[in-house]
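Okay, so here's the structure we're looking at.
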Amino acid sequence: MAPKAQKSPKGQRKGKKKTKQQSLVSEEEEPMNMESMGHPEIYPLVLTAKTQEIFNCRIDEDMTDEQTYKLIKKEDILADLQNRAAVSDFHPVKKIVLEYPGEELLLVYDKDFKYGLNFYLIGTEEGKENFLKAPEIPEEQEDLKEHVPEDVYIYKPPVSKPWISLGSEKEIEEESVQESKKRVTYMISRKRSQFGAPVTFRDQNASSVKDAYIECTSYPDKSYTLTQVEKDIGLQVIAEVKDTSTQTRWAFPRNATTQYYPREFSEEEKNVLVESKSLAEFFSTVSTSVEIALQQNEIMNTFTDDWRSLAEEESTFGDKTDTHLKEYQSFTDLHNTMEKMITCVSWHPTIYGLIVVSVAVRLSYEERVQNSSRLLLQPSLILFWSFSDPIHPQLMLESPDDIFCFEFCPSDPNIIAGGCINGQIILWDITAHAERIENIKTGGSRSKKATLKPMFLLEPDSNKEIMYVRHCAVSSIENGHRKVITDIHWLPDSFEINRMGSVFENRSGINCQLITCSADCTICFWDIRPQKPTVTSAATATTTSTTNTNPQQPPAEKKKEESIEIPFDVPSTFLHLDLSWKPLSRIKLSKGETSLDHCPTKLSLGEDPALCKIQGTSSIHVLLRDKMLSQMKLLKAAEINPYQNLEGGMANMLKPIEDFRTKFFVGTEEGEVIYTDWKMERDSETGRLMAKKPVNLYTVHDGAVHTVQRSPFFNDIILTVGGWNVAIWKEEVLTGPLLQTCCAPKRYTAGHWSLTRPGVFYIGREDGYVDIWDLLEKTHEPAQSQSICITMITYIKPWTFSSKQQFIAIADYYGTLHILEIPWTLSHPSTNEVSSVNYYFEREVKHLEYVQQRKEIREEEKKAMAMEMIKKKAKTYHRSKEQMEAELKLEYESYLELEQSVLFALGLGKVSEKMSYLDLH
């Protein structure tokens with residue numbers, strides 16, 4: 001609930017003319033006086049240093065022990081109330097001042113806080129005269145006071161003082177949330193095993209039940225009957241005593257010495273031994289091993305401590321035994337009065353210590369409609385935060401509406417694309433502000449070997465002016481998405497696609513295409529290059545128009561382009577796209593036989609083919625960063641930015657790429673994971689381009705999917721987070737997920753793989769906890785859980801600052817960005833961890849294949865059993881009448897025998913029958 005806006009003094013002067021007293025009169029509570037102490041004319045006050053300076057009543061300067069009071073004109077107090085309103089210190093006694101009959105009020109300095117505060121105001125003329133004309137103390141009493149020693153302590157009993165309101169309860173009432181109607185919350189749950197179970201319906205005769213009503217009467221539940229059993233037990237703990245003794249034999253010490261001489265062979269024995277055959281055979285068998293040992297001694301140092309060589313560098317941050325995330329820093333936008341949440345987080349690709357977040361108002365659709373006029377006055381921003389200044393953002397990117405996802409361009413990090421809540425795509429170009437953010441002090445250089453200093457050693461930037469950057473281009477609202485854009489990605493610079501979804505080589509060498517998904521059940525591909533090449537000069541983009549234009553361009557578009565005026569603070573990089581940008585192609589994920597479509601929330605494409613060839617290390621993101629840095633150096637060396645002179649998309653005949661994987665994963669709002677293809681096909685009946693049917697569809701999650709992300713170590717391993725569980729998939733395995741966790745105590749809202757450990761990933765929950773999973777330690781539950789905040793976690797984004805220091809950014813629902821330092825155990829992989837995790841995934845694939853084979857075998861067994869049942873029924877149907885009569889006769893005879901045996905056992909049978917029964921048996 002946002003605080004109410006206060007009217008300014010200028011706004012109060014407008015409208016009807018009001019007198020000074022009428023403008024100040026408002027509904028206030030009665031001021032607090034000292035009536036309980038016998039002084040109803042006294043009103044305690046707290047005067048701050050600013051008020052004391054205004055009315056020249058400064059303590060120890062104007063107000064001393066000799067001069068304890070001051071007469072203040074009523075007009076001056078009213079003027080102060082007029083200027084400062086509720087901020088004025090005389091606001092609690094405003095009513096007394098207005099009703100005071102005289103022209104001057106008496107203000108008294110209460111040095112000893114007799115009435116609880118440092119000043120008090122006399123609110124009546126009679127009280128003022130009594131104070132000013134106080135009776136003089138006789139000289140005799142003054143002499144007595146002088147003779148009283150100062151060291152004598154005089155006891156003064158404590159006096160209860162009334163509570164004085166200073167206006168704090170009003171602020172509490174304004175900030176408190178008050179609802180007119182009581183909310184009713186229902187939560188329906190059932191066992192996990194019942195999900196997807198077949199449902200059978202049956203008919204019921206309503207007449208069998210009286211009035212078709214079944215009464216559910218109340219009954220006592222024994223589980224809620226609590227009985228308390230009291231026991232009086234006394235225990236006495238004593239130490240266990242054990243006596244032991246031993247006796248040793250004492251020996252008298254004696255000094256003993258001995259001397260020996262070495263035994264040597266004689267010359268004859270030496271000659272015999274040298275010429276012996278056994279010695280020659282010994283040397284021939286041992287010489288080879290001795291030579292190898294001598295070579296090893298020359299190659300390596302045998303005195304090296306192997307244990308010390310195995311240890312890592314000890315100059316790491318934190319202890320190796322520490323496994324918890326440590327709070328490093330937090331960012332909150334203190335200048336924004338609206339209550340906002342963080343929707344997306346991204347670290348700057350090339351500048352260390354710079355993180356970018358997008359924020360959105362925490363309102364539902366109905367609340368947005370009700371507060372639409374107020375939301376138009378609040379800017380929608382993307383904030384650039386620096387580690388050196390946690391209070392002031394370095395840059396603010398403006399947008400027409402709240403941004404829910406954005407991503408830096410891999411070719412040029414100064415180009416940013418974002419998706420709005422209204423379905424529009426926004427493009428920003430911050431090249432003009434690149435030097436400003438590059439020169440931010442982050443406590444270290446931009447080299448990879450830099451380490452961040454502690455917060456108290458950072459020097460904040462002296463320039464506190466916040467820069468607002470306007471967007472370069474916005475897509476057409478008529479031809480784009482209809483609802484909020486939930487995910488956005490740049491296509492790799494190694495390929496590009498056409499309207500049919502076919503893949504071609506990208507000769508430009510820069511990222512020019514985007515893919516987005518939205519809640520309107522569509523996935524769109526976008527191209528930032530002009531679809532129709534133009535020959536217009538650069539002056540056409542400004543207010544000056546030329547006649548050398550493309551003859552194929554329509555006159556209406558030509559006139560519209562010539563009439564565009566570019567603001568001075570907006571770059572003309574993507575002027576050709578502004579308000580006319582349309583998607584290159586559009587895909588709808590149909591549900592098959594019904595007319596409904598799937599609602600995508602997140603998607604994951606295959607990585608760059610050039611990077612997919614790199615296996616087994618965590619340096620893929622480092623290579624991406626190096627690639628981006630090299631491209632930035634080339635852009636700075638060249639005078640012309642390639643994004644300033646974009647050629648028409650698919651203008652030339654490009655070489656198609658064969659055997660390119662065009663399938664990708666999509667997470668939906670219903671918790672489904674879809675594996676589909678972006679290539680289009682023509683409908684045989686209508687001839688229109690239509691999306692292919694999904695290759696596979698899995699219903700694994702019981703809520704909206706919030707994360708679909710590929711592993712940085714294995715390109716075919718995908719992590720999906722949604723509802724109350726997590727799943728891990730392998731791209732070519734179509735039988736199901738490799739890992740599916742059980743239901744968590746709280747909903748999962750975000751997730752991300754670790755950048756340096758292949759078996760670790762972080763999952764955020766709605767209660768503010770982060771679950772850290774380690775597949776090499778546990779696969780059925782998180783390795784550890786840690787509380788980060790008190791509200792829902794909305795986004796998780798780790799980042800490797802250096803080989804010794806890693807951070808993870810965690811955003812919450814209240815708009816706070818928490819930066820935590822990842823401990824050594826979670827950032828440094830163990831030996832052969834990549835191969836161990838890969839072996840685990842391969843083992844799970846084999847397990848799924850075995851389960852699938854068992855299912856097929858069980859299906860065949862069920863079919864065989866069904867066929868046998870059918871054959872048995874057919875045999876019983878074809879039996880002859882004589883066989884059926886014989887079987888019935890045998891059954892009847894066995895029944896009679898059983899009846900007779902029971903009667904005889906009870907003593908109810910006849911003697912003749914008994915004898916016949918005995919003869920038979």
Under 3.5 Å: donor-acceptor pair, side chain of [X], backbone of [Y]:
X      : Y      : answer
Thr800 : Ser802 : no
Asn725 : Val700 : yes
Gln513 : Ile497 : yes
Thr741 : Val726 : yes
Gln786 : Leu325 : yes
Thr756 : Ser827 : yes
Thr486 : Lys602 : no
Thr676 : Val695 : no
Ser836 : Asn832 : yes
Glu407 : Trp490 : yes

Does atom [atom1] ([X]) have a neighbourhood of more than 12 heavy atoms from anything else shown, all under 6.0 Å?
X      : atom1 : result
Phe195 : CZ    : yes
Tyr769 : OH    : no
Lys778 : NZ    : yes

**Request:** Please lay out, stage by stage, how Leu397 and Ile416 fare under the test side-chain contact (heavy atoms from CB on, under 4.5 Å).
**Result:** CA-CA 10 Å; Leu397 308 185; Ile416 304 172; 3.7 Å; yes
Where do [X] and [Y] come nearest, in terms of heavy atoms and distance?
X      : Y      : value
Gly751 : Gln709 : O-OE1, 4.3 Å
Ser518 : His481 : CB-ND1, 3.2 Å
Gly764 : Ile796 : N-CD1, 3.5 Å
Leu491 : Asn511 : O-ND2, 2.7 Å
Leu848 : Gly736 : CD1-O, 3.7 Å
Phe384 : His348 : CE2-CD2, 4.5 Å

May I ask you to say whether [X] pairs ionically with [Y], meaning some side-chain N is under 4.0 Å from a carboxylate O?
X      : Y      : result
Asp402 : Arg368 : yes
Arg765 : Asp767 : yes
Arg362 : Glu339 : yes
Glu766 : Arg747 : yes
Glu731 : Arg661 : yes

No-hydrogen, no-angle side-chain donor-acceptor test under 3.5 Å, [X] and [Y]:
X      : Y      : result
Glu672 : His598 : yes
Asn696 : Tyr698 : yes
Asp677 : Thr662 : yes

**Request:** Report the C-alpha separation of Asp774 and Arg757 in whole Å, then their side-chain angles, then the decisive distance to 0.1 Å, and conclude whether the salt bridge (Lys or Arg N to Asp or Glu O under 4.0 Å) test is met.
**Result:** CA-CA 9 Å; Asp774 190 349; Arg757 291 196 56 187; 3.1 Å; yes
When rounded to the nearest 0.5 angstrom, what is the spacing between [atom1] in [X] and [atom2] in [Y]?
X      : Y      : atom1 : atom2 : value
Tyr813 : Met341 : OH    : CE    : 6.0 Å
Ile822 : His828 : CD1   : NE2   : 11.0 Å
Ser399 : Ile425 : OG    : CD1   : 12.0 Å
Cys344 : Ile488 : SG    : CD1   : 9.5 Å
Lys692 : Trp678 : NZ    : CH2   : 11.5 Å
Asp487 : Ile523 : CG    : CD1   : 9.5 Å

**Request:** List in chain and number order the residues that pass side-chain contact (heavy atoms from CB on, under 4.5 Å) with Ile819, two or more places apart in sequence or in another chain; answer none if no residue qualifies.
**Result:**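 By the side-chain contact (heavy atoms from CB on, under 4.5 Å) rule, Ile819 matches Tyr328, Gln329, Phe331, Trp347, Ile355, Phe387, Phe807, Ala809, Leu817.
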Do [X] and [Y] have side-chain heavy atoms sitting under 4.5 Å apart?
X      : Y      : answer
Ile810 : Val770 : yes
Pro782 : Ile763 : no
Leu826 : Tyr762 : yes
Cys524 : Trp526 : yes
Arg190 : Ile188 : no
Ile717 : Trp729 : no
Asp812 : Thr794 : no
Tyr840 : Leu739 : yes

**NZ or CZ of Arg586 within 45° of Phe525 ring axis and under 6.0 Å** =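 No, a cation-pi geometry is absent between Arg586 and Phe525.
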**Item:** Pair Cys420-Phe404, side-chain contact (heavy atoms from CB on, under 4.5 Å): steps then yes or no
**Value:** CA-CA 6 Å; Cys420 284; Phe404 272 72; over 6 Å; no
**Request:** Given side-chain contact (heavy atoms from CB on, under 4.5 Å), test Val721 with His752 step by step and report yes or no.
**Result:** CA-CA 9 Å; Val721 180; His752 204 285; over 6 Å; no
Identify every side-chain donor-acceptor pair in residues 852-863 under 3.5 Å, counting partners at least two apart or on other chains, and give the distances.
from, atom 1, to, atom 2, distance (Å)
Arg858, NH1, Glu861, OE1, 2.7

**Asked** Going through the distances and angles, do His706 and Thr601 end up as a side chain to side chain donor-acceptor pair (under 3.5 Å)?
**Response** CA-CA 7 Å; His706 302 286; Thr601 56; over 6 Å; no
Among [options], which residue satisfies the side-chain contact (heavy atoms from CB on, under 4.5 Å) criterion with [X]?
X      : options                        : answer
Leu738 : Lys730, Arg843, His847         : Lys730
Tyr748 : Ile793, Thr707, Asp771, Val705 : Asp771
Val837 : Pro829, Ser711, Pro758         : Pro758

**Request:** Evaluate the side-chain contact (heavy atoms from CB on, under 4.5 Å) criterion for residues Phe665 and Leu605: first the C-alpha distance (whole Å), next the side-chain angles of each, then the deciding distance (0.1 Å), finally the verdict.
**Result:** CA-CA 7 Å; Phe665 278 85; Leu605 301 176; over 6 Å; no
**Request:** Decide yes or no on side chain to side chain donor-acceptor pair (under 3.5 Å) for Thr816 and Ser330, but give the supporting numbers first.
**Result:** CA-CA 7 Å; Thr816 302; Ser330 62; over 6 Å; no
